Structures are given as C-alpha cells and as structure tokens.
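Take a look at the structure below.
Chain letters run A, B, ... following the sequence lines, proteins first, then strands; residues in each count from 1. No experiment lies behind these values; they were computed from the predicted model shown.
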Amino acid sequence: MSDIRVRFAPSPTGFLHIGGVRTALFNWLYARHYGGTFILRIEDTDQERSTDESIKAIIDGMEWCGMDWDEGPGRGGDFGPYRQTERLDIYREHVDKLLASGRAYKCYCSPEELEERRSAALAEGRPPKYDRRCLGRTDIPEGRTPVIRFKAEEEGKTVVNDLIKGTVTFDNSVMDDLIIMRSDGFPTYNFVVVIDDATMKVTHVLRGDDHLNNTPRQIQIYKALGYPVPEFGHLSMILGSDKARLSKRHGATSIMQYKEMGYLPEAMVNYLVRLGWSFGDQEIFSVKEMVDNFTLDSISTSAAIFNPEKLNWINHHWINQRPVEEIAELIVPMLEERGWITQRPDIAWLSKVVLAQREKSHTLVELVELSPYLFKEPVMDEKSVEKFLTDEIKPVLRQLIGLIEGIDDFTHGPLEAAFHQVMEASGLKMGKVAQPVRVALTGGTVSPGIYDVLEILGKDESLRRLKKAVG
RNA sequence: GGUCCCUUCGUCUAGCGGUCUAGGACGUCGGCCUCUCACGCCGUUAACAUGGGUUCGAGUCCCAUAGGGAUCACCA
C-alpha cells in the first residue's frame, strides 16, 4: 500500500448527491489506482441539520456504487473516530493550542453587532471584514459566551499549488479572522476540516472547487499548528442544463433515486467518471479500466453539464452487458411493486423477458413497463384491433392455432415452421401474419419478435389469447 | 460589489506550437437491416467566446474584454 491517503467527507444533511458521488468516485479511484487508503468521514458538526438517516443514505449510496472505504464508519481505522461529533475533544485541544500560541483569540461581539457592521461595510462598498476589535480585548462583557477566532496572516500571499487548477495566489489581506469555535462550543467547518485531515494524515484533498476560496485560510491553520500542508485538487462542479448548480429542479439529484429509476451502478459510475475526466476517446469503462487508467492530469478544469440522454445511453449499454439472470433479479421488486407478480417468478423464465426487452430499454423501469402483457391480461388497443384483427385474417389465425396446438416443443424453430406453413397457404407475407398475431397476444403493435413473445407466454396462454382474438 | 475559478460542436470531451480545411461520443437528421418497436450498421449535422499580442507558425503561450460559475455566515 502506498502512503497516499484520501477521503470523502460528506455532511449528513440529506441524501447522497450526484455531485458528492462524483467527488467520492475521484477520491476512490485515486486511492485504488495508487494503492492508497480511502477514508470516509462524516462531517456532522452541524447538529441542527445532521441526521442518522442521512448517514445511512450516504453509506447505502457508497455501497451501491461499489465504492468501499478502508477507514470510516463500520470499518474502523487507526485515526478515528470518523464522525466529527465524536472528535470534539480533539478540536478543543487544537483550539487551546492556538489560543496558547496567540494564533486565536476570544471574540465577544454579538451576531447582531457583526451583522450590523457587515451590512454597513457592504453598503459603503467596502469588503466586510472583521475589524479585530476583540483582539487583545481586556474587558470581559458580562453574560456573553465568546466565539473563538483564528488570527489570520495580515500581509503577504498564500499560494495554493492546486493539482488541477494550477497555482492560485490569494492576497492575505482579503482574509479575515474566521470563527473556529462557535459560542455553543462547536467548532466550525474550516477549522475541523483542517484538524481532521491533518490528524487523519490525509495526503491529498480532492474536493469540489467551491472550496477553493477556503483553501488559503485552511493552509494558514495547518501552518499555525505546525502540520504539513496536504496536496489539494479542486474538481469543477456538475451543472444542470441551465448551467446552474445541479439541484432538484433539474430532476433527480440523489444517487439512490437513480437506483429506483432503474439505473445500474456501473452505468452511473461510468457516466460520472466521464464528467470531467477522460482517457482518449474511450467512453465505456469497466470499474477495473477506470482504476487502471485514472490519473489527475486528465481531469478537466471546467464545469460539466449533467446530460441525462448520455446517461441513458450508457445505462442501456451496461444493461445489455450484465448477465440476464442478474437483471431478472433486479426487476423482481419492480414487478412486485406494480402487482404484476404475486409470488417469486422463475428466474430462468424472467430472463427470457429480459433478453427480449433489454435492447430497447434505457432503464430497468423502462424494461418493466415495456412488458405488462407478459405478466397479465393484455389491454387491447382498439385501433390496432380494428386494423389488424380483421375478418379476413381470422381464418389464417385459425389455421395457425391449429398448427400451434400440435407443437410440443414450443420454441423458435417449430413456431417459425408453423408460420411459414401459414404464409404459404395464405400467400401472405410475414408482416401480414405477424402483426395480427402480435395484436392478439399483446394488445398492441409493439413487442419483441413474435416467436419470442409466443415462447415467453407459453403454449397454453398463447393459444388462449389467440382463440379469444378470433372469437 | 471584492476575491477566485472557468471558456473547443446543443452536451461530454480529444487536442498538451506545425500532423487541425479540429477527432471521438451522446443527441439530431437521413439511410440500411427488418414480423412491429427497438438494437445494430452506415452516413449527416455542428465548435476553437471576442480583441490584441508573442512566434516563421496559435485551438494550443501571454494580456485584456465579454460571458458563465464559485465564494465572501457563530452552514458545510
């Protein structure tokens, strides 16, 4: 194992977001490619919004995608705990250290005062920066619990040598003294993320580029504490079709929603990896190919728009790649949900359904919804009945019924022979015979190949439907 | 508004100074195949944001402008 250590650190305030999955994926791939360690850490210092259900959603999503972590919830590790609410002592220790060294100080300004000064500054067009009035303050106001601020560098520049964006320079004068511990005793994000990454010995921080602006202040904290500064790599965001940050109004954003919509994890991961990463002209990647070829230098710097059509295409590809039996297993719950089956179906039989329908399906849900007539009485489409189940064709169908009744091996070969016999006798072309049969069996004009439909339905059911159609 | 990031077909992207009259993929459109619908196959469509430099030569380097995004909380 190399000494590369990366992490994915979501906050459990909702479901696992598509953007988060992509960030996790890049970290995971980086770790797996170089034989490093992948850490899952739960950032739950926001007590108000964090929930256990969300933690479960994150874990479920990660597992569904096949991203396993080496350290973190359920796995343990030498640098835990891996939930921030269980690390409060560690943060306190570091705050004290900063306080002692003079790199942090107590601030008694109330939120109201701060807000007042903030808006005043904004109104005058000045940057809203904390004026340090509590730095070195000796009078302690009664009845106020202070926050603790980090004393930022006043002069010079802080340089981020970003693995993806390149060298980014920030002027220290734009950074103010950020609050590292709130009055309720809970530390804040920009502080804990540093402590966690430092104490967990994270070597590479790969995260969304919405954090790029936070990086210089974090670097200052690393330095103030004497910790080595990790490498940073800031991934650009995933956008919706209107170039705005991906959100609910662009459709599904939760990874598990995609599972429910009938997407395969290998398809999601394949699609997501190509959003911002490329390997020549290759579009289709197995997990192994991704791991083998993943490097940071082929990550693009610009934001990418999430494109459902391409996802569909990739999902279609992977649906057709999986063993049919596995797809059959995956659609069982969907069939149950719809009440189309009441007991566990025969997987060998269900696999035939999958085989017949998967080519035209972008998702598992589509595959299922293409097939109601294979599970229950078909709904007869009036126009199709009128057009194809004519009086002229009925004698032909009766002949076919007669022939079919004599078939014991109800499979493609014998069925085809029966059709050809009927075609010869009637002088009709395949299309003229197949369409009426299709309508009789499925209620409509769209279905898999007619022999497949017959075979899936089976002899008894096929004959029943055909007889019903000829009256 | 300040700061930071980004800018090749509608979309994802290849391109790392000459091989680019810019390649692939999704999508679109057309065709072939065909028992329907699809799949598949073949073809089509369409882009270097703009303006200056640097260079013998720029999609590729630099600078402006424009546009987009992010961020400026006792959220993460």
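Among residues two or more places apart in sequence or in another chain, the side-chain contact (heavy atoms from CB on, under 4.5 Å) test is passed with Ser371(A) by Val353(A), Gln357(A), Leu374(A), Phe375(A). Listed by chain and number, the residues in a ring pair (Phe, Tyr, Trp, His ring centres under 6.0 Å) with Tyr189(A) are His211(A) (sequence neighbours excluded). Not counting sequence neighbours, the partners of Arg87(A) by the salt bridge (Lys or Arg N to Asp or Glu O under 4.0 Å) test are Asp196(A). Remark: Ser384(A) pairs with Asp381(A), Val439(A), Thr445(A) by the side-chain contact (heavy atoms from CB on, under 4.5 Å) rule, at least two apart or across chains.
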Once base and sugar-phosphate atoms are separated, protein heavy atoms under 4.0 Å mark nucleotides 43-51 of chain B, 5' to 3', with B, S and - as ---------

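Residues from residues 353-360 of chain A with heavy atoms under 4.0 angstrom of RNA chain B, sorted by number: Glu359(A), Lys360(A). Within residues 425-444 of chain A, the residues having any heavy atom under 4.0 Å from RNA chain B are, by residue number, Met430(A), Gly431(A), Ala434(A), Gln435(A), Arg438(A). Near RNA chain B, meaning a heavy atom under 4.0 Å from it, residues 172-187 of chain A has Ile179(A), Arg182(A), Ser183(A) in order of number. For RNA chain B, the neighbouring residues in residues 272-280 of chain A, judged by any heavy atom under 4.0 Å, are Arg274(A), Leu275(A), Gly276(A), Ser278(A).
Taking 4.0 angstrom as the limit, Thr188(A) places none of its side-chain polar atoms (N or O) nearer than this to OP1 or OP2 of C74(B). Not one side-chain nitrogen or oxygen of Arg22(A) sits closer than 4.0 Å to the OP1 or OP2 atom of C12(B). The phosphate of U11(B) (OP1 or OP2) has no side-chain N or O of Ser241(A) nearer than 4.0 angstrom.
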Distances for protein N/O vs nucleotides 64-67 of chain B N/O pairs under 3.5 angstrom?
none

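Applying the side-chain hydrogen bond (donor to acceptor under 3.5 Å, both in side chains) definition to pairs two or more places apart or across chains, those involving residues 231-241 of chain A are Asp162(A)-His234(A), Arg207(A)-His234(A), Thr215(A)-His234(A). Legend: ring pair (Phe, Tyr, Trp, His ring centres under 6.0 Å) pairs involving residues 418-451 of chain A, not counting sequence neighbours, sorted by first then second residue: His412(A)-Tyr451(A), Phe419(A)-Tyr451(A).
For the pair Phe170(A) CZ and G2(B) C1', the computed distance is 13 Å after rounding to whole Å.
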